[in-house]
Protein chains: 2
Amino acid sequence: MLNLWMPMTVTYIHLLLLLLDPSSALMSTQDPPPSLGNHSMDKNDVDEAEGHFTVPIAFRVFSVDYHHVQAPFEIVLWIMLASLAKLGFHWSGRIPAVVPESCLLIMVGLLVGGVIYGVRHTAPPVLSAEAFFLYLLPPIVLDAGYFLPGRLFFENLGTILWYAVLGTLWNVLGIGLSLYGLCQLGGWGLEEVSLLHFLLFGSLIAAVDPVAVLSVFEEIHVNEQLHILVFGESLLNDAVTVVLYKLFESFLRMPSVSGVDVLAGGCQFVVVGLGGLCVGLFFGLVAALTTRFTARAQVIAPLFVFLYSYLSYLTSEMLHFSGIMAIVTCAVTMKQYVEANVSEKSNTTIKYFLKMWSSVSETLIFIFLGVSTIQDVHMWSWPFVSSTLFLCLLWRALGVLLLTAVVNKLRRNAVTFRDQFIIAYGGLRGAICFSLVFLIEDFPKKRLFITTTIVVILFTVFVQGMTIKPLVELLDVKRKKRVLPTVSEEVHCRLLDHLLSGIEDVVGYWGQHYWKDKFEHFNTKYLKRFLIREDKQPKSSIVRLYQELERREQMGETDEGKRERSMNKYTHIQ
Amino acid sequence: MLNLWMPMTVTYIHLLLLLLDPSSALMSTQDPPPSLGNHSMDKNDVDEAEGHFTVPIAFRVFSVDYHHVQAPFEIVLWIMLASLAKLGFHWSGRIPAVVPESCLLIMVGLLVGGVIYGVRHTAPPVLSAEAFFLYLLPPIVLDAGYFLPGRLFFENLGTILWYAVLGTLWNVLGIGLSLYGLCQLGGWGLEEVSLLHFLLFGSLIAAVDPVAVLSVFEEIHVNEQLHILVFGESLLNDAVTVVLYKLFESFLRMPSVSGVDVLAGGCQFVVVGLGGLCVGLFFGLVAALTTRFTARAQVIAPLFVFLYSYLSYLTSEMLHFSGIMAIVTCAVTMKQYVEANVSEKSNTTIKYFLKMWSSVSETLIFIFLGVSTIQDVHMWSWPFVSSTLFLCLLWRALGVLLLTAVVNKLRRNAVTFRDQFIIAYGGLRGAICFSLVFLIEDFPKKRLFITTTIVVILFTVFVQGMTIKPLVELLDVKRKKRVLPTVSEEVHCRLLDHLLSGIEDVVGYWGQHYWKDKFEHFNTKYLKRFLIREDKQPKSSIVRLYQELERREQMGETDEGKRERSMNKYTHIQ
């Protein structure tokens, strides 16, 4: 056990060396990828710079040129720190059972931030929004999208959208307006802050974070439906949050806001959401088509999955659509065709690599959250911070109760009261709020907004994250089933699907089964023929089922594999 | 078949869009990773920049912000172009049988460069040395090191070092001095160029390139011994080339060169080589130790292989040691322990990912070589270019003949004349020369050096690369054996090893078998106990052999797998 700390010590020694080096550009390491370019402009310039300290003889036998390798070196060190921290927690065994990993990682970040502050007497820099949105977020969302349980997601899509769109609107307006009202009452010194600023703040503080939700919910194993409701909401509310944030931001810059502007803002919901969807769909289909032709170049097949997904995200961000929507759609679209087209080993590589990548990104985000908390720019106000925290909890709870009451009338299986409690309680905030609050244009009380956002994030991650597991046990929330359906169950399920779509057809009601059946028909008849290699195209649905089962068995996703997996989530693609 | 060109067209449309966009910063795309930072300095600044063209209404429903995503977007597009080009060649089937892939890729690069030149009327920028040495080279060398046939390499280490050290010195001095002599004869207008400049040029033009050698030799399947001699030389001559290059570069900057400086230069050979070796050894052992503790976090286990190897390369570059030596040593050191420590799926991911990564890097390097050839800075001189080309071939041929004559007296199995021809003919130049020539400090004839280097690279890759396969067939060079040794062969081989080491021990001659036996003993008794997980430590050598065979079978490396693989190298880890 002690041996583990050896490699860890190595990294910390490295880090300390960096800290003590007066020319260290740790500034840029907070923000890993963009720093790459800082010193690439002119190599010769850099060679002469201060970082090049050498033995002062005519011809140097030994010399150090740190600047030359600084950017990749520091990025590697941060990733190493993140990986070793993760390794350490999992090795120790007992701690992660009580405290969620996200909390531990934030604490490591606080520690590192504290050391940096102690040594350099200046605040460590913050996680840049650029690095977060362009490099750290996409792998996590791609992983989430690729492993999204499709059937469950689409069956609950209505409810998820209901929560994601109306729920987020409710929270943003509720928090923004009530905070404005409270501040107008006076006494907090915030009377001069405009309503638009509060609405802007509301739009970022209401954003439920998929990264935080995933990291906590993966450990508590609630039933699949509850999981998909919370997780789906956290994924899809991105579109709404981004629109509202940009809308209020633009309004703030404009001298006056007309009715047309508000109407345009309303239109943008549709544009941002549907735009992301279309971009994702397009790249997903192109990716599927490309993998059709990788038979003779299996080695690079997994690359296309990553490239096209990332491209869909970037294109979407470029056009100001929802990048999260795009990458999730892209992953969901391509998955079935890619899995059929590429070899078993390519599939393993794709899955393993996605897990590895998202796991590291997540770890880095939480560590950076911790590091960024140590700051000079904090501004504290007890009444404002505590009332924001209270209002966040209150409006979310009210929203969930209200929206569920309506949606339960339309659902076959109602969302129980216990589930509602977990949905409301599981609305964790994370790095998205954090990055957005730093992007606000400077105004006198920006520091207060930053401090409050950090407090809300830490409160939700620590207090809610740590207590949700005991609460789930206390409330006896329905847990995840540990066994896969048997073949007989699967056959019956499929029979029922066909039966229901037939009934819907007969009575002339175009419900979810009707559309699902239509899509399956179209998929089998056209899409699969076009997107899947000839030799991999299944002959009939029985053969397809058999191949699917065989594939699962190979991937260790059999009953036993499933059971083993639920013991410890980190061994599940062993 | 036509379908394949669809995704390709998409990329080209993207590229053309970039070209036609006046604000496109394609400048930075040549140099992928460093460009990451160009616009990360201040997001708000960039938002207002020209790239942000929007619909001119008060609140924008739709807007494009290309600068925001430019860096990752263009990197992804280049990688995509490289991958699609590779896919296209392998799909077409017939062309790669005649023309090596490296040539095809350079041609694609020439085409892209030509389009850029045609549209923008300025030369496309060149592959930056920074990007090449820090980002594109390491994955290729890591891949080469990780899959290095250990036994064969160490058995031939003496000969490889002989060629790599003395051969390179011979070539550098030969080419440098004879070019200087020829130019002094006059008539070429190069009389004023100093001897040191020619020696500097000699040191870079003599560098045999591991990337070019690998890409050509992987397709011609010569016998393993010949392969390891050429490939080993190309790997290890890096230390010599780098030392000589830096030595002459420093001498050029110094007002006068004293005897002490030359002595210091001599010392540096040892420092650079051994330094790289030590750094690699250190990180290799730490990596092995780290993977011992990944049992509960299998998902991130492959990451450590990449991180520690890259760190060894960067540390080595930082200290001006040979990065190639370091990363190869690191990979060779860690391999056996890592393979024992991590799960089968992690092993698959490591291998697959290394292949994928190195394959893309290699592709990008050749494409960039082609793009960078289209330039304004060319300076042409028939006599200089042709005599350089001739001298490169001549000195290499002479060197190989001479060195082999000596080394054959010490080897049990002599290097045949046919093998010598292939060794001399297989000395391909590549991106290393290219990057080094651009790093030379400016002087009047630098353009001539650049042009000559490009001609030598293109000649060796195109003419030698394309004719080596027919020549191997014509000369009837011994080919690779297509079957793995049987268990009986393996047992006898091991028996002979023990016997030989016993004989060496008895007669008091400390030869290679003696040291190998000593290392094996030390490895089993101490290193493996310390570096491999308890539950994975083999009980005896029979169990070990069985586990090894079982592992190979799982990895599809059985006789059948091997035979299938030799059909087409790209399906070999299918």
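These numbers come from the heavy atoms of this one structure, side chains and all, not from hydrogens, waters or symmetry mates. Since this is a predicted model, take the numbers as computed values, not measurements. In what follows, chains are A, B, ... by sequence order, proteins preceding strands, each numbered from 1.
Of the atoms belonging to B:F133, not a single heavy atom falls under 4.5 Å from chain A. For B:V360, the part lying under 4.5 angstrom from a heavy atom of chain A is the side chain only. Neither the backbone nor the side chain of B:Y313 comes within contact range of chain A, judged by heavy atoms closer than 4.5 Å.
Scanning for ring pair (Phe, Tyr, Trp, His ring centres under 6.0 Å) contacts around A:F438 gives A:F434, with sequence neighbours left out. Checked against side-chain contact (heavy atoms from CB on, under 4.5 Å), A:S316 has the following partners two or more places apart in sequence or in another chain: A:V279, A:F321, A:A326.
In this structure, a donor-acceptor pair under 3.5 Å is absent between the side chains of A:T294 and A:T291.
Highest contact tally toward chain A, considering only B:I300, B:V270, B:V262, B:T363, is held by B:I300 [criterion: heavy-atom pairs under 4.5 Å]. For the set A:L307, A:I350, A:V342, the count of heavy-atom pairs under 4.5 angstrom toward chain B peaks at A:L307.
In this structure, A:F353 has its ring center closer than 6.0 angstrom to the ring center of A:F306.
The distance from the CE atom of B:M80 to the OG1 atom of A:T290 is 7.0 Å, given to the nearest 0.5 Å.
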